[in-house]
Amino acid sequence: MAIELSEQEIIRREALQQLRQMGINPYPNEGYPITHYAKEILDNFNEDTEFFNDVYIAGRIMSRRIMGGASFIEIQDSTGRIQVYIKQDDICPPNDNSFYQIVFKKLLDIGDIVGIHGFVFRTKMGEITIHAKELKLLAKCLRPLPIVKEKDGKTYHAFTDPEQRYRNRTLDLIVNPHVKDIFRIRTKMVQSMRDFLNQKNFMEVETPILQPIYGGAAARPFKTYHNTLDTSLFLRIADELYLKRLIAGGLDAVYEFAKDFRNEGMDRFHNPEFTQMELYVAYKDYYWMMDTVEEMLEHICMSIHGKADITVGENIISFARPFERISLFDAIKKFTGFDISNMDESELIEIAKKLDIDIDGITGKGKIIDTIFGEKVEPHLIQPTFIMDYPIEMSPLAKKHRSKPGLVERFELIVNGKELCNAYSELNDPIDQRNRLEEQLRLRQLGDEEAMILDEEFLSAIELGMPPTAGLGIGIDRLAMIMTNANSIQEVIFFPQMAPERKAIAMESESLKSIGVPDIWIPLLTESGIVTPNDLLDTNANKILNNLGGLRKKHKISEPLPSKEDVENWIAKAKELSQK
RNA sequence: GGCAAUGUAGCUCAGUAGGCAGAGCACAUCCCUUUUAAGGAUGGGGUCCCGGGUUCGAGCCCCGGCAUUGUCACCA
């Protein structure tokens, strides 16, 4: 059973048939010999040169202004839009204007993809335009497009509903060309990061996404199942433990662009699957890593924007080196006035109360400190700032600080009020590591769902000896948000996770047939909200008859209504079906 | 999960004492050989999110749902 088509879709399908009847293939097999793109023509056209006397260009029709014997259309290709002038006599053979009058004027629509062969000129209005000598349909578009129009920087009829845009990213990319730019910047960002790392001879590697034990971060995982092995597997929440095993194996510097998966809340900073770049380098410590991060981010910003500063929301953020470095306790002192460096848990709770921070349900020194930081400090750190030296409780994989007891050598980089990087001097003392993971196990037994799991294979690698190592994780999506001035993570992910669409769809109406509903009534039942036999269970025959009656009138169907017995039969069969 | 806003034509949105459901674009028909967000004219298109209630009468008021968005909470 076909989904009901809108009037506009029906018109386009009829046009498709008519094109075929006229011997025009709406979906030709052969390619189109493109020689130019819209942007290069617009940027470089000049009446004095002969560069653009013979151009082939292809793209989507985005607007049409049709007159008797000549028309203007706008073509959008991957680089932008350009106007095309179509003159009847130029695209038709002598004495037969049907290609212009019928094919072009009646059978082509906004959204169709066409190839244009012609020459470039400038109209009286000054618009750089391609004068078409040939127009070829390359692909017919069967759905109407929301048409976005712009004039003088003002946008009319924009396709802006975030839900529609993310659910139908294809359409979003077609009608909102600036969306492409966001993703071009993202790609360029990743490329320049990769170039930077490769130039230093770091080795790009791949490690498992399906892991028997998940680790390397504190988060709830997605769980799946392997049939042949008859075992549970998890989608990775981080690749840290595997990369460190490679370091122990003698690969001195490894990195991975990793899709990680965390089964947690979603908001404008969190998507269930997200991308992280993790980097581990042997014989280095976290000071070295801070230098490297500074150098890398400056390099990336320069290669994308040609300068080290960038506007994000209301702020201008500068990635010019060096970044500010401050310890966690100093930062809290700076922003709250309290020195909490030597406090125990009950004193910290007092401070939290004084600062009017809600710590209900939060226990443990580490988490309280983190909450105070998150509330009172983090949002104020707009310029890139390294926060150093975290309490040991929060960091089971980081090395104890060389001089500050109770702390570890860890830093986070905060940019625009949000964590961007997390890095340590990696813990390589196997005994210490085992103790810390056992402590995590204990927390887990006390109900901390995010405490880490003890991974024997990882520990055995550390026991073989891992050199002193600096490790880094950097959130690629969040960096992309900053680099593109995006307000939400969904803007920088092509296909962000969405709640399933709840609308009932007529696809399943086949099943109504199986309980004896004649074809003619199925669309009407669907329209009244009855899509599957199950929907019939909680209703009664009279109500259905009423609905059908109303819709029958609306759709002017001459077929007599089914009898009440018929409807009762459907319901009876639906009940049978549901009991199977 | 809390709070708030929103839900009307394919798209963007108007719509108030509660009194025939609207505009622009898109679409269709006709006229026009250089238009500029859209040349001109005419026309088709609606479950006003769903279900109850108040009322002679509900897109609008009340109650209950659903969905979406934003925000907070949760999430190193």
Side-chain angles (χ1 to χ4, degrees), chain A residues 5-12 14-15 63-74 83-90 100 105-106 109-111 121-127 129 131 143-167 171 175 217-220 237-238 262-270 272 328 358 360-362 366-367 369-371 373-374 378 387 390-391 393-398 410 412 414 418-419 421-422 449-450 452 473 475 487-488 490 498-504 524 527-529 547 550-551 554:
Chain A
L5 296 175
S6 70
E7 184 197 9
Q8 295 190 30
E9 286 172 301
I10 291 167
I11 290 167
R12 284 177 184 237
E14 285 168 359
S63 76
R64 304 196 302 159
R65 295 183 286 279
I66 293 182
M67 288 157 291
S71 306
F72 288 86
I73 62 177
E74 274 180 303
Q83 177 169 271
V84 177
Y85 175 61
I86 310 242
K87 195 170 163 187
Q88 173 172 287
D89 302 343
D90 287 343
Y100 180 81
K105 276 170 69 168
K106 304 228 190 302
D109 292 291
I110 287 177
F121 74 111
R122 198 185 289 269
T123 65
K124 284 178 196 163
M125 300 299 294
E127 178 95 5
T129 302
H131 187 131
R143 290 168 176 256
L145 248 42
I147 296 302
V148 182
K149 288 176 176 153
E150 276 183 46
K151 173 152 186 176
D152 304 330
K154 266 182 85 177
T155 304
Y156 299 78
H157 311 122
F159 175 62
T160 54
D161 177 25
E163 194 209 350
Q164 294 304 321
R165 288 185 47 228
Y166 302 145
R167 278 195 201 285
L171 192 55
V175 303
R220 295 202 298 273
I237 57 174
R262 296 187 183 175
N263 206 340
E264 296 182 334
M266 293 161 57
D267 59 33
R268 70 192 188 90
F269 289 105
H270 297 86
L328 177 66
D358 180 16
D360 279 357
I362 297 172
K367 290 201 171 179
I369 292 171
D370 190 51
T371 304
F373 177 78
E378 199 176 41
I387 301 295
Y390 284 69
E393 297 86 348
M394 303 164 65
S395 317
L397 300 169
R410 167 181 179 179
E412 290 192 355
I414 313 294
K418 208 74 192 170
E419 173 194 349
C421 301
N422 186 16
E449 273 189 87
E450 293 183 345
M452 287 185 198
N487 189 39
S488 122
Q490 296 170 308
M498 303 290 286
E501 201 161 13
R502 307 239 177 239
K503 254 185 182 170
L524 274 61
E527 193 173 338
S528 68
N547 285 342
L551 292 167
K554 177 182 162 198

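Chain letters run A, B, ... following the sequence lines, proteins first, then strands; residues in each count from 1.
- A perpendicular orientation is assigned to the rings of A/Tyr85 and A/His131, their planes being inclined by more than 60° (bins at 30° and 60°).
- Here A/Arg268 lies in heavy-atom contact (under 4.0 Å) with sugar-phosphate atoms only.
- In terms of polar N and O atoms assigned as donor or acceptor, the side chain of A/Tyr85 comes within less than 3.5 Å of the base of B/U33 in a complementary pairing.
- In this structure, A/Glu264 places its CD atom 14 Å from C1' of B/A73, rounding to the nearest Å.
- Across all strands shown, A/Pro396 has heavy atoms under 4.0 Å from base atoms, whether or not it also approaches the sugar-phosphate.
- Each of A/Lys367 and A/Lys87 was matched to the nucleotide of RNA chain B holding its nearest heavy atom; the match closer to the 5' end belongs to A/Lys87.
- Pairing partner, B/A58: none, since no Watson-Crick or wobble contact has both distances short of 3.5 Å.
- Put simply, the side chain of A/Ser71 and the base of B/U35 share no donor and acceptor less than 3.5 Å apart.
- With hydrogens and angles ignored, a donor-acceptor pair under 3.5 angstrom links the side chain of A/Gln83 to the base of B/U35.
- When each of B/U34, B/G44, B/U68 is scored by its nearest atom to the side-chain atoms of A/Lys124, the top-ranked nucleotide is B/U34.
- When rounded to the nearest whole Å, the span between CZ of A/Arg143 and P of B/C27 equals 17 Å.
- Considering only side-chain atoms of A/Pro162, the nucleotide from B/A28, B/U35, B/U69 that sits closest is B/U69.
- Using a 4.0 Å heavy-atom cutoff across all strands shown, A/Tyr166 reaches no nucleic acid atom at all.
- Pairing for B/U68 goes to B/A5, judged as Watson-Crick or G-U wobble with the two contacts each under 3.5 Å.
- Taking side-chain N and O atoms only, A/Arg122 has no distance below 4.0 Å to OP1 or OP2 of B/U34.
- A/Phe72 places its CZ atom 9 Å from the C1' atom of B/U36, with the value rounded to the nearest Å.
- Of all heavy-atom pairs between A/Arg65 and A/Ser63, the closest is NH1-OG, 3.7 Å.
- Ranking B/A76, B/U34, B/C30 by closeness to the A/Lys106 side chain, first place goes to B/C30.
- Counting distance only, with no hydrogens placed and no angle test, the side-chain atoms of A/Glu9 and the base atoms of B/G10 include no donor-acceptor pair under 3.5 Å.
- Using the Watson-Crick or G-U wobble rule with both distances under 3.5 Å, B/G22 pairs with B/C13.
- Distance, A/Ile110 CD1 to B/C27 P: 5 Å, rounded to whole Å.
- At whole-Å resolution of the value, CZ in A/Phe269 and C1' in B/C74 are 15 Å apart.
- Rounded to an integer number of Å, the gap from CZ of A/Phe159 to P of B/G24 is 23 Å.
- For a distance-only test at 3.5 Å, the side chain of A/Gln8 qualifies as a donor-acceptor partner of the base of B/A26.
- Here A/Arg410 lies in heavy-atom contact (under 4.0 Å) with a base.
- In this structure, A/Met67 places its CE atom 8 Å from C1' of B/C32, rounding to the nearest Å.
- Side-chain to base pairing of A/Asp267 with B/C74: one donor and one acceptor N or O lie within less than 3.5 Å of each other.
- The CD1-P distance, from A/Ile66 to B/U29, rounds to 11 Å in whole Å.
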